[in-house]
J.: 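Got a structure for you, questions after.
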2 protein chains.
Amino acid sequence: MEFRKHQSAGYLVNHMARLFARGLAARIKPMGLSIGTFPALLELWETDGLTQKQLTERLDIEQATMANTLARMERDGLITRKRDSADGRKQRICLTNRARHLHAPAIAAATAENHAALRALSTDEQRQFITLMQKIIASNTDTTTKDQ
Amino acid sequence: MEFRKHQSAGYLVNHMARLFARGLAARIKPMGLSIGTFPALLELWETDGLTQKQLTERLDIEQATMANTLARMERDGLITRKRDSADGRKQRICLTNRARHLHAPAIAAATAENHAALRALSTDEQRQFITLMQKIIASNTDTTTKDQ
DNA sequence: ATACCTTGTATAGCCTGCTATGCAATAATA
DNA sequence: TATTATTGCATAGCAGGCTATACAAGGTAT
């Protein structure tokens, strides 16, 4: 049973994710943002008016998690939710002005955190790292029913 | 503002961590374990009777998080907590028989999950990936006051 | 038209992470 | 020795992840 945590991918991935989360949280807290909203904001900055369903699919997040995240975002004045006139089940998620104005500083913060977190790696190593993660994610994600 | 999530280390790390967590959770659920207990169990399987303080330092987890995790572990019959006779503030964490017997199957589950999650990578790439993560974690961890 | 199925959200309840705070035991100092 | 500081743990409260479940809106089928 020679299991060494520092050689275990799962252990390292978890630890690394907590370190990234702490770092980004500290950077975006001053602008009133928390990390859970970030992925949703990224999607909405690119295409406003997405459905909750579309967000869950694009972000690989469970529907219930997204519903709760959107509730907090609405509470914090980042989004508004409007029922779709054509299909009363759907809710269109729209950014508020506040959220639109946070685009540039939030992206800057995320970029800075990525840079800082990877500072121990050379440019080549950083590229390798990204590529390896993309492979891992692709092979562990069910793409058969996503984002059609 | 050309920010692409699939090129962002932070985004990928978060997604990857959720995938690993889902995978391990599914594998250890049948034995009545959840992922939050795993790091603590790893330490205790190696050296039983550690203090809560020692656990938080070795796992880079906040004290409050560890206190809650240990409370769940005690509730679930994985550990017992005994006050230290020499220093009444400290609590020695000891594994129950149940936890000791879970060692082998739990390690097997974690090993299997690591293997499955990395199946898209060659042996060389897996080594590179581990090494890169170790570098990132080391450069983002404050080692000045840890584990003295 | 009625009954049934599917789809999109919401809610309840839990785990795992965090910060902030309280408190008891010990250590240090005036 | 009495006071103060430090140390170790617990608790409150929240964010963000999950599963299970409820429910209303929209389709389908008889």
Side-chain angles (χ1 to χ4, degrees), chain A residues 10-11 13-26 28-29 32-41 50-57 59-76 78-79 81-93 145 148, chain B residues 13-26 28-29 32-41 50-57 59-76 78-79 81-93 145 148:
Chain A
Y11 189 96
V13 163
N14 172 270
H15 193 178
M16 198 173 49
R18 286 188 287 112
L19 293 171
F20 268 89
R22 286 179 200 164
L24 183 59
I28 62 181
K29 188 177 182 180
L33 290 179
S34 54
I35 57 173
T37 68
F38 217 100
L41 286 172
L50 287 172
T51 292
Q52 180 183 130
K53 182 93 196 301
Q54 290 175 305
L55 280 172
T56 67
E57 287 168 349
L59 300 178
D60 190 16
I61 281 283
E62 290 302 319
Q63 178 267 323
T65 301
M66 184 55 66
N68 284 327
T69 299
L70 291 173
R72 290 194 306 276
M73 293 174 75
E74 189 173 32
R75 179 201 64 189
D76 296 342
L78 293 170
I79 58 163
R81 293 193 265 193
K82 323 173 185 172
R83 295 220 154 275
D84 188 307
S85 50
D87 186 339
R89 293 167 298 185
K90 298 183 181 173
Q91 288 212 334
R92 301 245 156 238
I93 315 297
T145 55
Q148 58 287 67
Chain B
V13 164
N14 172 270
H15 193 178
M16 200 172 47
R18 287 188 285 113
L19 292 171
F20 268 89
R22 286 178 200 165
L24 183 59
I28 63 181
K29 188 177 182 179
L33 290 179
S34 54
I35 56 172
T37 68
F38 217 100
L41 286 172
L50 287 171
T51 292
Q52 181 183 128
K53 182 90 196 303
Q54 291 174 306
L55 280 173
T56 67
E57 287 168 349
L59 300 179
D60 190 16
I61 281 283
E62 290 302 318
Q63 177 267 321
T65 302
M66 184 55 66
N68 284 325
T69 300
L70 291 174
R72 289 194 305 275
M73 292 175 74
E74 189 171 33
R75 179 202 64 188
D76 296 342
L78 292 169
I79 59 163
R81 293 192 265 193
K82 323 174 185 171
R83 294 218 154 277
D84 188 306
S85 50
D87 187 338
R89 293 168 299 186
K90 299 183 182 174
Q91 289 213 332
R92 302 244 157 240
I93 315 295
T145 57
Q148 58 288 65

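Quick caveat: nothing in here was measured; it's all calculated off a predicted structure.
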J.: For the pair made of CE in B/Met66 and C1' in D/dC9, what is the distance, rounded to whole Å?
T.: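 Going from B/Met66 (CE) to D/dC9 (C1'), I get 13 Å.
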J.: If you look at every heavy atom in A/Gln52 and A/Ala67, which pair is closest and at what distance?
T.: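 Residues A/Gln52 and A/Ala67, closest heavy atoms: OE1-CB, 3.8 Å.
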J.: To check you understand the geometry: which heavy-atom pair defines the closest contact between A/Arg83 and A/Gly88, and what is its length?
T.: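 Looking at all heavy atoms of both residues, the shortest contact is NH1-O, 2.6 Å.
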J.: If you check the B/Asn68 side chain, which of D/dT11, D/dG26, C/dA27 turns out closest?
T.: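 Among D/dT11, D/dG26, C/dA27, the one nearest the side chain of B/Asn68 is D/dT11.
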J.: Report the distance from atom NZ of B/Lys29 to atom C1' of C/dT16, rounded to the nearest whole Å.
T.: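 Answer to the nearest Å: 16 Å.
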J.: Look at the side-chain N and O atoms of A/Arg72 and state whether any lies under 4.0 Å from the OP1 or OP2 oxygen of D/dG16.
T.: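 Indeed, a polar side-chain atom of A/Arg72 lies that close.
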J.: Between B/Asp76 and A/Thr65, which has a closest nucleotide on DNA chain C that is more 5'?
T.: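 The residue closer to the strand's 5' end, by nearest nucleotide, is A/Thr65.
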J.: Has B/Thr69 got a side-chain N or O lying under 4.0 Å from the OP1 or OP2 atom of C/dC15?
T.: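 Looking at the OP1 and OP2 atoms of C/dC15, neither is under 4.0 Å from any side-chain N or O of B/Thr69.
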J.: In this structure, how many angstroms lie between the P atom of C/dT11 and the CG atom of A/Leu70, rounded?
T.: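 About 13 Å, once rounded to whole Å.
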J.: In whole Å, what is the span from the CD atom of A/Gln54 to the C1' atom of C/dT7?
T.: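 Result: 14 Å.
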J.: Tell me whether the side-chain N/O atoms of B/Arg81 come closer than 4.0 Å to OP1 or OP2 in D/dA10.
T.: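 Checking B/Arg81 against D/dA10: at least one side-chain N or O falls below 4.0 Å of OP1 or OP2.
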J.: Nearest to the B/Ala64 side chain among D/dA20, D/dG8, D/dT11, which nucleotide is it?
T.: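 My answer, after comparing the listed nucleotides, is D/dT11.
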J.: Nearest to the side chain of A/Thr51, which nucleotide is it out of D/dC9, C/dG17, C/dT9?
T.: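 In terms of side-chain proximity for A/Thr51, the closest of D/dC9, C/dG17, C/dT9 is C/dT9.
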J.: Whole Å only: how far is the CD atom of B/Glu62 from the P atom of D/dC14?
T.: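 In whole Å, D/dC14 P lies 19 Å from B/Glu62 CD.
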J.: Do A/Ile79 and A/Thr37 come within less than 4.5 Å of each other through their side chains, counting heavy atoms only?
T.: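 Result no, sub-4.5 Å side-chain heavy-atom pair not found.
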J.: Going by distance alone, is a donor N or O of one side chain under 3.5 Å from an acceptor N or O of the other, for B/Arg72 and B/Asn68?
T.: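 Result is no, nothing qualifies.
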J.: For C/dT9, take OP1 and OP2 only and decide whether either is under 4.0 Å from a side-chain N or O of A/Arg92.
T.: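 It does not, given that no N or O in the side chain of A/Arg92 lies less than 4.0 Å from OP1 or OP2 of C/dT9.
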J.: Can you tell me the distance, in whole Å, between the CG atom of A/Asp87 and the C1' atom of D/dA24?
T.: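 One finds 11 Å between C1' of D/dA24 and CG of A/Asp87, rounded.
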J.: Using a cut-off of less than 4.0 Å, is there contact between a side-chain N or O of B/Gln91 and OP1 or OP2 of D/dA10?
T.: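 Result: yes.
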J.: Does B/Ser34 put a side-chain nitrogen or oxygen below 4.0 Å from OP1 or OP2 of C/dC14?
T.: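 B/Ser34 to C/dC14 OP1/OP2: no side-chain N or O under 4.0 Å.
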J.: Quick one: which of D/dG8, C/dT16, C/dC18 gets closest to the side chain of B/Arg89?
T.: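 Nearest to the side-chain atoms of B/Arg89, counting from C-beta on, is D/dG8.
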J.: Let me know, please, whether B/Gln63 or A/Gln63 comes out on the 5' side of the other along DNA chain D by nearest nucleotide.
T.: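 Nearest nucleotide further toward 5': that of B/Gln63.
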J.: Does the side chain of B/Lys90 get closer than 4.0 angstrom to OP1 or OP2 of D/dG8 through an N or O atom?
T.: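 No, outside the criterion.
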J.: Going by the side-chain hydrogen bond (donor to acceptor under 3.5 Å, both in side chains) test, name the single residue among B/Arg89, B/Arg92, B/Lys90 that passes it with B/Asp84.
T.: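 Single side-chain hydrogen bond (donor to acceptor under 3.5 Å, both in side chains) partner of B/Asp84 among B/Arg89, B/Arg92, B/Lys90: B/Arg92.
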J.: Determine whether B/Ile61 and B/Thr69 make a side-chain contact, defined as any pair of heavy atoms from C-beta on separated by less than 4.5 Å.
T.: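 Not in contact.
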J.: With sugar-phosphate meaning primed atoms plus P, OP1 and OP2, does B/Asp84 contact a base, only sugar-phosphate, or nothing at under 4.0 Å between heavy atoms?
T.: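 The residue B/Asp84 makes no contact with any strand.
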J.: For A/Arg22 and C/dC18, is the shortest distance between a side-chain N/O and OP1 or OP2 below 4.0 Å?
T.: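 It does, given that an N or O in the side chain of A/Arg22 lies less than 4.0 Å from OP1 or OP2 of C/dC18.
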J.: Within the 4.5 Å heavy-atom criterion, are B/Asp60 and A/Leu19 side-chain neighbours or not?
T.: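 Contact flag for B/Asp60/A/Leu19 side chains = yes.
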J.: Return the value, rounded to whole Å, for the distance between atom CZ of B/Arg83 and atom P of D/dC9.
T.: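 That distance rounds to 8 Å.
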J.: Considering only side-chain heavy atoms of B/Ala67, which listed nucleotide, C/dT7, D/dA10, D/dG16, is closest?
T.: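 Among the listed nucleotides, the one closest to the side chain of B/Ala67 is D/dA10.
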J.: Go through C/dA27, C/dT6, D/dC18 for me and flag the one nearest to the A/Ile61 side chain.
T.: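 Selected nucleotide: D/dC18.
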J.: Can you tell me if the side-chain N/O atoms of A/Gln52 get under 4.0 Å from OP1 or OP2 in C/dA10?
T.: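 Yes, such a contact exists.
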J.: Nearest whole Å is fine: how far is C/dT9 P from A/Lys82 NZ?
T.: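 Taking NZ of A/Lys82 and P of C/dT9, I get 15 Å after rounding.
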J.: From D/dT19, C/dC15, D/dT6, pick the nucleotide closest to the side chain of B/Arg75?
T.: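 Closest of the options to the side chain of B/Arg75: C/dC15.
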